[in-house]
**Q** 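My questions will all concern the structure given below.
None of the values given here were measured: they were computed from a predicted structure. Proteins get letters first, then strands, A, B, ... in listed order; numbering begins at 1 in each.
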Amino acid sequence: MIARDAALEVETVENDPVPMRVRASGEWTFSGLKTRRAEILRSIEELRRTAPSRVAWDLTPITDLDDTGALWLLRASRGVSEIEASAQQREILDRVSQASRVRIAMERPIDPYAPAVAIGEAAMRFGVHLRDATALLGRLVLEALALARRPRDTPFRELSAGVFRAGVAALPVTMLVGFLVGIVLTYLSALQLKRYGADLLVINIVGVGVVRELGPMLASIIAAGRSGSAMTAQLGVMRVTEEIEALQVMGVSVITRLVLPKVIALAIALPLVTFCTDLAALAGAMLVSRYTLGIAPEAFLEALPRAVETINFWIGIGKSAAFGFAVAFVACHYGLRVLPNTDSLASGVTRSVVAAITIVIILDAIFAILLRNVG
Amino acid sequence: MSADPGEYAITIDGLVNAVGPGQILHKDLNLQVRRDEVMTLVGGSGSGKTQLLRVILGLKRPVSGTVRVFGVSWEDPSFKKVRDARRRMGMLFQNGALFSALTVFDNVAFPLRERGGVSEKKIRAIVHAKLSEVELAPHHGTLLPASLSGGMVKRVALARALALAPDLVILDEPTAGLDPDRSERFVQLIQRLRADHRFAMLMVTHDLDTLFALTDRVAVLGDRHIIACGTLDEVRELPHPFVQSFFGGDRGRRALAHGGAAA
């Protein structure tokens, strides 16, 4: 038999209650529909503009029908009651019709309660995290107290390695970011202050802003992305490879050996990194002040202590220690929850960074409220 | 009836174990592993062998029942008793679970350093001795786990498990991931080490060759408890569908012909 492409003929019969007579012929299959695809689509479009009650279909000349052809015919003849087809063709059309109905049923109607359900589920997940994080904090405190009674068991090596990795190794990138932010902040402030002849106030704004807020915040955010993700990944991989179970079987406390050193290390390292970030940001500020406002570096350095009270510096350092603890704690919390598969590891690291940054910002807001009358 | 904890390495009485709320995995499970025997735990997929092992290792708390290793429960309030019981136990994980950031030497030395009170010179001597027992040379000590073959990982993990000269060694699928030749050599290594050190052994394995070569008694886990526990000949008589399919058939007959009873 010679293969024939699918074809659609539309005949209009005058003075007939069903004037449009559609005749489908040829092979209504995936390959058969290729050649005259555009033409058939145009005809179907025109037919759609006619009321279904005025259209009759004759499918009997079709020589071959597959699911693709059946789908096209069902869509083209939607609502039409007069369809002449063979028993075999009806069977295929019914089957495809059922399948397409199921598909339509899966397009769920908009659930008006969906936002409330989503909020509820998120709240439940948050509740579970809060419970587990509280338990981890409790264990951390108990282990720290136990360690205070056995100081010889303090994991000094892990602690110093943590301070090096989170502190020294992070300095280049953090100081660079601090330097650039100092430049940008000073430049933008200078533009505005010049209008009012209050050029020298740039030292106050940038000085207090960097030392009290931006320095700790920048250092913490970079620490969350750099150190926090590394901590989560390390613990997550150790969970996947059963190294954590191996430690537990040997009676080694995972909290003392893995979590405590990280938390203490970042709480020590971050204030030091913040100090260096502050210096870099102020160096950037000094550079811009020199060339935009004509403030000599010596004048900048002389005015700085008067503009920025020492208490602001200590507030910034204190906040950094709290942020460091928070970032490491969140990283360890997510790391210990990683399941033994790569998806869980990837999503755990991502969530750890996002959660750490969010918590740092929330803590910063809390500190801002609590210390609003200080400095 | 509770067993006398004095003669048993592991005693489990009336264990009820769950994997989630309302999802009971084991109920009224009793098991004893003597101080001088090799016990193999077998069971179908989903019978909870791994979860039972986690309870025995103290990694998971059961719903109820008692688990004692050398007479000490993991819930014992005495930190020293629990620590000492752990030091009498060595574990070989299925994938080795070597500490990836430490060298082979530091991995084997780890339990010794944790124990404390052992000079670095003595640690060096013990580690080299352990590596030699598992047929590894001292120079392998400088390698990192990532550069080891599967067989070497198992050997180093075994050396680490034996570092403190334990009285009980637990092996989770000791020959998993090894080709037949290496598998046989590893089983022979375990036989030699056991003959030298006489530790009790609890093993989880699907490999019949390993089972027939090493085991004194078999415990079959099914229907949420131990459905059979005894010598190979005793257990193979049990008309339970799992037992018949596990030990019967061509696989079982070949393994029986090859391995025979354990020494």
**Q** Check the surroundings of atom CZ in A/Arg351: do more than 12 heavy atoms from other residues, nucleotides or ligands lie under 6.0 Å from it?
**A** no
**Q** Which residues, numbered in order, of residues 263-280 of chain A come under 4.5 angstrom of chain B by heavy-atom distance?
**A** none
**Q** To the nearest 0.5 Å, what is the distance between CZ on B/Arg54 and CD on A/Glu245?
**A** 5.0 Å
**Q** Quick one: do B/Asn95 and A/Thr241 satisfy side chain to side chain contact (heavy atoms under 4.5 Å, CB included)? Show the steps, please.
**A** CA-CA 8 Å; B/Asn95 295 312; A/Thr241 57; over 6 Å; no
**Q** Most heavy-atom pairs under 4.5 angstrom with chain B, which of A/Gln234, A/Glu243, A/Arg152?
**A** A/Glu243
**Q** Would you compute the distance between atom CE of B/Met89 and atom CE of A/Met250 and round it to the nearest 0.5 angstrom?
**A** 10.0 Å
**Q** Please find the pair of heavy atoms, one from B/Ala97 and one from A/Ala246, that lie closest to each other, and give the distance.
**A** O-CB, 3.9 Å
**Q** If you count the non-hydrogen atoms of other residues, nucleotides and ligands that lie under 6.0 Å from CZ in B/Arg61, is the total more than 12?
**A** no
**Q** Could you check whether atom CZ of A/Arg165 has more than 12 heavy atoms from other residues, nucleotides or ligands sitting under 6.0 Å from it?
**A** no
**Q** Tell me whether the guanidinium CZ or amine NZ of A/Arg257 lies under 6.0 angstrom from the six-membered ring centre of B/Phe110 and within 45° of its axis.
**A** no
**Q** So with a 6.0 Å cut-off around CZ of A/Arg226, is the heavy-atom count from everything else above 12?
**A** yes
**Q** Report the option among B/Glu114, B/Arg115, B/Met91 that has the most heavy-atom pairs separated by less than 4.5 Å from atoms of chain A.
**A** B/Glu114
**Q** For B/Ile170, is it the side chain, the backbone, both or neither that has a heavy atom under 4.5 Å from a heavy atom of chain A?
**A** neither
**Q** Rounded to the nearest 0.5 Å, what separation is found between the NZ atom of B/Lys60 and the CD atom of A/Gln248?
**A** 13.5 Å
**Q** Please look at B/Arg160 and chain A and tell me whether the side chain, the backbone, both or neither of the residue comes under 4.5 angstrom of a heavy atom of that chain.
**A** side chain
**Q** So which of B/Ser100, B/Ala85, B/Gly96, B/Gly90 has the biggest tally of heavy-atom pairs under 4.5 Å with chain A?
**A** B/Ser100
